[in-house]
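What's counted below: heavy atoms across the whole structure, side chains too, no hydrogens, waters or symmetry copies. None of these values were measured; they are calculated from a predicted model.
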Amino acid sequence: MKIVPTTEGTEAPRAGAKRKPFYTHTYFQVLFAIVVGSLIGHFAPQTGQALRPFGDGFIRLVKMIIPPVIFLTIVTGIAGMRDLRAVARVAGKTFGYFLFFSTLALIVGLITANVIRPGAGIHAKIGAAGEYSASVAGYIGKAHESSVTEFVLNIIPDTFVSALTTGNILQALFVAILTGIGLALMGERGARVYDVLEEISAVAFRIVAILMKAAPIGAFGAMAFTVGKYGASSLADLATLVVTFYLTAIVFVVVILGVVGRLAGFSILRLIAYLRAELLLVLGTSSSESALPSLMAKMEQAGCPKSIVGLVVPMGYSFNLDGTNIYMTLAALFIAQAYDIHLSFGQQILLLGMAMLSSKGAAGVTGAGFITLAATLSILPTIPVAGIALILGVDRFMSECRSLTNFIGNAVATIVVARWEGVLDRDRLAQALGAHGSGLAAPPVIPE
């Protein structure tokens, strides 16, 4: 028996079929939870902050299932392909795509900062950030611990099993690729193990479906805490930066990724509508990881083979962070402008290169973008790393936009790579995007 993705939630309603009430759709429940959580956080800040465990608990539940989902999807995907040259080809195309668009996102942030100059006129003093040193000390400390060597070594887990227990996406990816290659080389003996893993994969995705029932509760708690702790008023002083970042991200998604989608044969707006439940979940939790399992299921439902989804999506969560890259160069130049520090063209190119290196491995976890920004500034002595204190108050609000942009970028990448390989089921893609979906993805199921 072969596991196939269900089309539940993606089929167009049949004529005469009774429509489900709108309030039963997950996207509506998540949106309602975000609104209610925001209101509680605004009018009762203490209560909002006390609701944080709901958001943290849901994210921990999802992170619990992410390593086994990645492991099972990649292993069965690679083992099912059999041709290891095809695996290498897909991986090469994927890295090439990631490298190009990650660099493009950094350049877009750099150009935007130079044109709009959101930090000009603040005239901050070098010593003024000292009072915030306690707040940013943790971020700076983590940034100093980051290096290319540490990043590479951290891909290798302490043990085979620890790759599936630490929550490190890259370690799970590394072990899964090795296991998938091993199964592919075993021939018929590996086929028996492959069948068992496919059955276990169905169980894992069924667990995902159960956990996603709690998505509205998680979004409610996370949004109530965010608004309750930081408050909408914290946006006022740095409104130019926040608005500039959001507008830049929107332009990147609609224009740049929109053109990519058009060339690949789909509409970016229809893709966003198809993933609306997942995007609302990412918005509510400020973490793209919260919707990673659902994204993988939705991409399979949209006609992308499991082998492509299993490689592109997990790799994208560490190497294809368009939103984070836009934020990196935009925020770095904002800090320089705020301190009246002029950066030459050569220094900005150096900043671009350093940001390219430090952004790798920053998975979609809340605060990762802030840490990588600190890591970039710590390498460049021209801009004071303590200057990140200037944007600490609004970083949480920008984290949501970073996660949304990263999420959409990885969805686009999955479809594009599948099309490059000539394995994209265009009929299923058209059906999925035409129906838009009605909620978080249902799991793969075993047909009767």
Side-chain angles (χ1 to χ4, degrees), residues 2-12 69-70 73-101 177 180 198 201 205 253-254 256-276 278-279 291-317 319-320 322 406-437 441-445 447:
K2 187 175 180 179
I3 298 174
V4 297
T6 180
T7 55
E8 178 185 343
T10 62
E11 293 180 350
V69 164
I70 290 177
T73 304
I74 294 177
V75 170
T76 54
I78 293 177
M81 291 178 73
R82 305 292 183 187
D83 184 1
L84 295 182
R85 286 176 296 183
V87 176
R89 185 177 64 248
V90 171
K93 290 179 178 179
T94 301
F95 269 113
Y97 178 96
F98 290 168
L99 180 63
F100 178 81
F101 282 96
I177 291 174
E198 280 216 315
S201 179
F205 274 99
V253 169
V254 175
I256 296 179
L257 294 185
V259 170
V260 173
R262 183 60 61 188
L263 293 175
F266 67 93
S267 165
I268 188 67
L269 297 181
R270 286 186 177 272
L271 178 64
I272 291 173
Y274 174 61
L275 297 172
R276 61 190 178 192
E278 287 77 12
L279 290 170
L292 187 153
S294 190
L295 174 63
M296 296 177 76
K298 274 283 184 75
M299 289 295 97
E300 285 190 55
Q301 291 173 5
C304 299
K306 178 187 291 187
S307 56
I308 300 295
V309 174
L311 281 174
V312 178
V313 174
M315 286 167 56
Y317 266 63
F319 297 105
N320 187 42
D322 297 331
N406 293 343
F407 187 86
I408 296 171
N410 285 319
V412 171
T414 305
I415 298 175
V416 170
V417 173
R419 187 178 183 276
W420 280 351
E421 281 294 292
V423 293
L424 177 65
D425 189 330
R426 300 197 184 195
D427 291 336
R428 286 177 60 189
L429 176 64
Q431 181 186 24
L433 300 193
H436 301 328
V445 296

Determine yes or no for a side-chain-to-main-chain donor-acceptor pair under 3.5 angstrom, with [X] supplying the side chain and [Y] the backbone.
X	Y	answer
D322	N406	no
T73	I70	no
R428	E300	yes

Side-chain touch [X]/[Y], heavy atoms, less than 4.5 angstrom:
X	Y	result
M299	L275	yes
Y97	V312	no
I177	V87	no
I408	I268	yes
F319	T94	no
L292	M296	yes
Y317	F407	yes

What's the shortest heavy-atom distance between [X] and [Y], and which atoms?
X	Y	value
M315	A91	CE-O, 4.4 Å
C304	L424	SG-CD1, 3.9 Å
R270	G434	NH1-CA, 3.8 Å
P314	I74	CG-CD1, 4.0 Å

Side chain to side chain contact (heavy atoms under 4.5 Å, CB included) involving R89 - partner list, sequence neighbours excluded: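 Testing R89 for side chain to side chain contact (heavy atoms under 4.5 Å, CB included), a comparison that skips the adjacent residues, returns A86, K93, E421.
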Under the side chain to side chain contact (heavy atoms under 4.5 Å, CB included) test, residues paired with S307 that sit two or more places apart: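 Side chain to side chain contact (heavy atoms under 4.5 Å, CB included) check on S307 returns M81, P305.
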Sequence neighbours excluded, every pair satisfying side chain to side chain donor-acceptor pair (under 3.5 Å) that has a member inside residues 410-420: N320-N410
Step-by-step side-chain contact (heavy atoms from CB on, under 4.5 Å) determination, L257 to L271: CA-CA 11 Å; L257 294 185; L271 178 64; over 6 Å; no
Candidate pair Y274 and L429, rule side-chain contact (heavy atoms from CB on, under 4.5 Å), full reasoning: CA-CA 10 Å; Y274 174 61; L429 176 64; over 6 Å; no
side-chain contact (heavy atoms from CB on, under 4.5 Å) assessment of F101 paired with V260: CA-CA 11 Å; F101 282 96; V260 173; 3.4 Å; yes
